[in-house]
**Student:** 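Have a look at the structure that comes next, please.
Letters A, B, ... are given to chains in the order of the sequence lines, protein chains preceding strands, and every chain is numbered from 1.
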2 protein chains.
Amino acid sequence: MTSIRLLIVDNHTLFRQGLVSLLQSEPGYEVIGEASSGEEALHMVPELDPDVVLMDVKMPGIGGVEATRRLTEANPQARVLMLTVSEEEENLFAAIQAGARGYLLKNADAGELLDAIQRVHAGEAMLSPIMTLRLLQVLQSGGIPAPLSELPLTSREQDVFQLLAQGASNRQIAETLTITENTVKTHVRNILEKLELHSRSEVAAYARRLSPTPWSP
Amino acid sequence: MTSIRLLIVDNHTLFRQGLVSLLQSEPGYEVIGEASSGEEALHMVPELDPDVVLMDVKMPGIGGVEATRRLTEANPQARVLMLTVSEEEENLFAAIQAGARGYLLKNADAGELLDAIQRVHAGEAMLSPIMTLRLLQVLQSGGIPAPLSELPLTSREQDVFQLLAQGASNRQIAETLTITENTVKTHVRNILEKLELHSRSEVAAYARRLSPTPWSP
DNA sequence: AGATTATTCACCCGAATGGGTGAGATTTGG
DNA sequence: CCAAATCTCACCCATTCGGGTGAATAATCT
């Protein structure tokens, strides 16, 4: 079993050295390089070919997110684990979109870090529980929170409305809510009438005006 | 320090009892009830007022997702941790949107389960690393799409796209652009294929994710 | 208890939609 | 100039959707 080869990217020398010390004392981890900036990291990765890159977010020059974006594009085999103090959602999403496979806060303990490194190296992904919560909350609010409650829709109709807004078909709605397609059609008809709309597409467009941005698939 | 009060919902008796045995042997955890169906769980939660509900996904009758939806709506103080064999993305997303605070695969070990329960109880969130990966991948690809200007749509297709996003019918689009309905259908088909969508409603939902809020009819 | 509302489901019908093929006209890029 | 892409339109087919009627059950209100 060969060691996991690590590259540490952080502009704080002391933190970097502390990490190196911590990781070198553990079997199975090998720090093969350190970089103090995004630019430096981009040069080092192709040469060193690390398994996992521990990347800080806030760095002068090319930030950790942008560095991750370029790095993962040019070197997909290198997994990036963001290691940061930033609890801001923007950074989390930016990092994910840039191709990061993990996002760990610096207040994590050594055990959590080692576990995260293992996970990321194994092709899995790991977020700090706090950041996982942020992610879930954003995905949950993908529906229509505030204005929806003022709509003249019944509870069940609101369920259907949410799914309609996401572009779901009658069949998908039926499966999701574990009711028949016939029932879904009834709800859809009532929703269209109450909102004075004429097609499910209009419902999605209508929802678009009601709330900002949602989820996903 | 009082124990975490748990409700276990799973139609597999043996699995349920195994869990109970496991949790009772650990200090700090107290199983205050078991349910073998979604309906049963919905009745028990208001009475028992558990801190954390361990919920299976696949159950006869009301499934775990729908049960979670109703349960979290009526009892927001109860945190739901999905515990399932299902690695399907649909279930993950459905569970999240239903209000689950965690999603753990049943192949997790005891330590991971206990950790997840602690996290969820503390108001954090926890997903299986594999499912975290799925989530990140969706956010990287379909979840957060490219800006409209970078979409692989031709000029005319973008015209049609805009109208689709507003919920327009083929006839309305045809009139607006002064082309035939046949032509509109052709454009719509090409748009669906290029964006890998399956219905005009999905296009509207897709557009909803693209831009915060544009035109209103 | 009776009325109303909400939720569920069934059946029917015509219109709209998605998906495929083909094809002529025009523009654009090599 | 020729090839590729784009825009236009037509026809066909199967599925989905919008819309109407009716109805049973449960919950809620009066």
Side-chain angles (χ1 to χ4, degrees), chain A residues 148-207, chain B residues 37-40 42-43 46 60-63 65-67 69-71 73-74 98 148-207:
Chain A
L148 181 56
S149 55
E150 299 167 16
L151 292 179
L153 300 182
T154 68
S155 159
R156 204 52 166 163
E157 285 166 352
Q158 292 189 25
D159 294 343
V160 177
F161 180 93
Q162 304 271 8
L163 294 165
L164 275 181
Q166 291 165 24
S169 67
N170 286 340
R171 184 187 309 259
Q172 290 174 323
I173 295 174
E175 287 173 2
T176 302
L177 301 181
T178 50
I179 54 181
T180 61
E181 250 182 277
N182 285 316
T183 305
V184 174
K185 288 178 62 175
T186 301
H187 288 314
V188 171
R189 254 185 294 112
N190 293 335
I191 290 172
L192 290 179
E193 191 182 358
K194 285 183 178 178
L195 301 185
E196 298 177 9
L197 302 176
H198 306 84
S199 76
R200 61 209 298 109
S201 303
E202 287 183 25
V203 174
Y206 179 89
Chain B
S37 71
E39 291 87 343
E40 212 175 323
L42 289 176
H43 289 128
I62 295 182
V65 172
E66 179 61 15
R69 192 187 319 280
R70 303 189 191 178
L71 195 153
E73 190 165 359
L148 184 57
S149 56
E150 297 173 16
L151 291 180
L153 300 183
T154 67
S155 160
R156 203 52 165 167
E157 283 166 351
Q158 291 194 24
D159 294 342
V160 177
F161 178 92
Q162 302 282 359
L163 293 166
L164 276 181
Q166 295 172 41
S169 67
N170 285 341
R171 184 186 311 261
Q172 289 173 321
I173 295 174
E175 288 171 2
T176 303
L177 300 181
T178 49
I179 53 181
T180 333
E181 235 180 293
N182 284 315
T183 305
V184 174
K185 290 177 61 176
T186 302
H187 287 315
V188 171
R189 253 185 292 112
N190 293 334
I191 290 172
L192 291 179
E193 190 181 2
K194 285 184 177 179
L195 301 186
E196 296 176 4
L197 301 176
H198 306 84
S199 77
R200 62 205 300 108
S201 303
E202 287 184 23
V203 174
Y206 180 91

**Student:** Is the phosphate of C:dT7 approached by A:His187 (side-chain N or O, under 4.0 Å from OP1 or OP2)?
**Tutor:**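 So the side-chain polar atoms of A:His187 never come under 4.0 Å of the phosphate oxygens OP1 or OP2 of C:dT7.
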**Student:** Reading nucleotides 9-18 of chain C from the 5' end, what letters show protein touch, with B for base, S for backbone sugar-phosphate only, - for no heavy atom under 4.0 Å?
**Tutor:** BBBB---SSB
**Student:** Nearest whole Å is fine: how far is C:dG19 P from B:Glu196 CD?
**Tutor:**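 One finds 13 Å between P of C:dG19 and CD of B:Glu196, rounded.
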**Student:** Taking A:Ala168's backbone N and O only, do any of them form a donor-acceptor pair with A:Arg200's side chain (distance below 3.5 Å, no angle check)?
**Tutor:**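 Yes; at least one donor-acceptor contact below 3.5 Å.
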**Student:** Could you state the CZ-C1' distance from A:Phe161 to C:dA6, rounded to the nearest angstrom?
**Tutor:** 19 Å
**Student:** State whether a side-chain donor-acceptor pair under 3.5 Å links A:Thr180 with A:Thr183.
**Tutor:** yes
**Student:** If I take atom CD1 in residue B:Ile173 and atom P in nucleotide D:dC7, what distance separates them, rounded to the nearest angstrom?
**Tutor:**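 After rounding, the gap between these two atoms is 15 Å.
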**Student:** Between B:Glu66 and B:Arg70, does any NZ, NE, NH1 or NH2 come within less than 4.0 Å of an OD or OE carboxylate oxygen?
**Tutor:** yes
**Student:** Rounded to whole angstrom units, what separation is found between the CD atom of A:Glu193 and the P atom of D:dG18?
**Tutor:**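 These atoms are roughly 14 Å apart.
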**Student:** Measure the distance from CG on A:Asn190 to P on D:dT21 and round it to the nearest whole Å.
**Tutor:**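 In whole Å, D:dT21 P and A:Asn190 CG are 13 Å from each other.
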**Student:** Side chains of A:Thr176 and B:Arg69: closer than 4.5 Å at any heavy-atom pair?
**Tutor:**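 Sidechains of B:Arg69 and A:Thr176: in contact.
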**Student:** Please check: side-chain N/O of A:Gln172 versus main-chain N/O of A:Ser169, any donor-acceptor pairing under 3.5 Å?
**Tutor:**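 Between the backbone of A:Ser169 and the side chain of A:Gln172 there is a qualifying donor-acceptor contact (under 3.5 Å).
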**Student:** How long is the straight-line distance from CZ of A:Arg156 back to CD1 of A:Ile179, given to the nearest 0.5 Å?
**Tutor:** 5.0 Å
**Student:** For the pair made of CD in A:Glu202 and C1' in D:dC17, what is the distance, rounded to whole Å?
**Tutor:**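 Atom-to-atom, A:Glu202 to D:dC17, this comes out as 13 Å.
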**Student:** Whole Å only: how far is the CZ atom of B:Arg156 from the C1' atom of D:dC9?
**Tutor:** 13 Å
